[in-house]
**Q** 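Here it is: the structure, laid out below.
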Amino acid sequence: MVRGWHGWFGTFNGVVLITVIVLPLAALAVWALAHRRRAAGTTSAWRTSLADVGIVYGTAPWVWMIMLPGDQAGVVPGRVTVVPLRDLLTIFSDGGPLTATVQVVGNLLVFAALGFFAPLRFPALASLPRVLALAAGCSVLVETAQYVLRLDRVSSVDDVLLNAAGAGLAALASRHWWRDTPDTPTERPPQPATAPGR
């Protein structure tokens, strides 16, 4: 049972419950945005509105959870792991398969919504390398914040790699739709005819 402000806003269970509770509000926000954009004559109003809300709704809870302070927050100094795959190997060897699966899947999902919806919302991001770069940059910011704020968490390059990989996989899953985005030109516009001899 979740009790008090800390139970709701300072625990994983509280964040998950809040995310579930606000789902109808997210759906209402999609409808309201799409209705307003259609009234303004915007093309692909539903796609754009779903992408806007999807990015926020699908990303904010994960970032919120990974920014929750640990038991020794503010007491122990920040810890950094810069050797790729070291933390992953440690998790698999010491934590067991269940712990490793939860950790890996959780990290893959942090920026998955961003990777899925960002190319639909912003045609300039309709490219797998750009989505990977965006997710990696966001992940570096989060890991840096964990270190600077001394949240009793390990800032790891493996987290950055997994976060970016999750966004990339999600972008591939939505590629069929963002390749057909109306705002993205699919062919070069016709060139004006030139007079002979010019």
Side-chain angles (χ1 to χ4, degrees), residues 12 15-67 84-85 88 91-92 97 100-143 156-191:
F12 292 113
V15 175
V16 170
L17 284 174
I18 290 173
T19 303
V20 173
I21 290 170
V22 301
L23 179 58
L25 293 177
L28 182 62
V30 172
W31 178 85
L33 284 172
H35 182 72
R36 180 178 179 184
R37 285 170 174 159
R38 287 185 67 186
T42 304
T43 59
S44 64
W46 282 101
R47 175 185 292 194
T48 304
S49 301
L50 179 62
D52 283 339
V53 176
I55 290 171
V56 176
Y57 181 80
T59 305
W62 293 103
V63 174
W64 186 353
M65 283 191 278
I66 61 179
M67 292 299 291
L85 306 181
L88 279 176
I91 291 170
F92 277 100
T101 302
V102 170
Q103 289 275 13
V104 170
V105 172
N107 275 297
L108 289 173
L109 291 175
V110 171
F111 292 115
L114 180 67
F116 189 94
F117 289 111
L120 297 174
R121 180 61 180 91
F122 306 104
L125 292 174
S127 160
L128 184 60
R130 292 174 187 170
V131 171
L132 290 171
L134 174 65
C138 292
S139 184
V140 168
L141 288 176
V142 170
E143 297 296 313
S156 172
V157 69
D158 287 351
D159 290 342
V160 175
L161 295 175
L162 286 173
N163 294 163
L169 292 172
L172 291 176
S174 68
R175 189 174 186 180
H176 173 73
W177 294 288
W178 53 260
R179 289 187 68 184
D180 297 330
T181 301
D183 298 330
T184 305
T186 55
E187 57 184 29
R188 296 180 62 184
Q191 300 295 322

**Q** Would you say S174's side chain and A171's backbone share a donor-acceptor pair under 3.5 angstrom?
**A** yes

**Q** Determine whether W46 and V30 make a side-chain contact, defined as any pair of heavy atoms from C-beta on separated by less than 4.5 Å.
**A** yes

**Q** When you compare the side chain of V131 with that of P119, does any pair of heavy atoms fall below 4.5 Å?
**A** yes

**Q** With rounding to the nearest 0.5 angstrom, report the CG to CG distance, N163 to L132.
**A** 12.0 Å

**Q** Got I55 and F116 here, is their nearest side-chain heavy-atom distance under 4.5 Å?
**A** no

**Q** Can you tell me if T19 uses its side chain to pair, donor with acceptor, with the backbone of V15 under 3.5 Å?
**A** yes

**Q** If you look at every heavy atom in V160 and A136, which pair is closest and at what distance?
**A** CG1-O, 4.0 Å

**Q** Taking only residues two or more places apart in sequence or in another chain, which ones pass side-chain contact (heavy atoms from CB on, under 4.5 Å) with A100?
**A** I91, F92

**Q** Could you tell me which non-hydrogen atom of A34 sits nearest to which non-hydrogen atom of A45, and how far apart they are?
**A** O-CB, 3.7 Å

**Q** Does a donor on one side chain sit under 3.5 Å from an acceptor on the other, for S49 and R37?
**A** yes

**Q** If you measure from CG on L134 to CZ on F122, what distance do you get to the nearest 0.5 Å?
**A** 9.5 Å

**Q** Do F117 and V53 come within less than 4.5 Å of each other through their side chains, counting heavy atoms only?
**A** no

**Q** Has D158 got a side-chain atom pairing as donor or acceptor with L85's backbone, closer than 3.5 angstrom?
**A** yes

**Q** Any chance you could measure I66, atom CD1, to S139, atom OG, to the nearest 0.5 Å?
**A** 7.0 Å

**Q** Can you check whether A124's main-chain N or O pairs, donor with acceptor, with R130's side chain at less than 3.5 Å?
**A** yes

**Q** Under the side-chain contact (heavy atoms from CB on, under 4.5 Å) rule, collect the residues that match up with A165, sequence neighbours excluded.
**A** L108

**Q** Between V142 and F111, is there a side-chain heavy-atom distance shorter than 4.5 Å?
**A** yes

**Q** Can you name the closest pair of heavy atoms from A135 and A164 and give their distance?
**A** CB-CA, 3.9 Å

**Q** A60: which residues meet the side-chain contact (heavy atoms from CB on, under 4.5 Å) condition with it, sequence neighbours left out?
**A** none

**Q** Yes or no on side-chain contact (heavy atoms from CB on, under 4.5 Å) for L125 and W178, after CA distance, side-chain angles and deciding distance?
**A** CA-CA 9 Å; L125 292 174; W178 53 260; over 6 Å; no

**Q** So L162 and L88, do their side chains get closer than 4.5 Å, heavy atoms only?
**A** yes

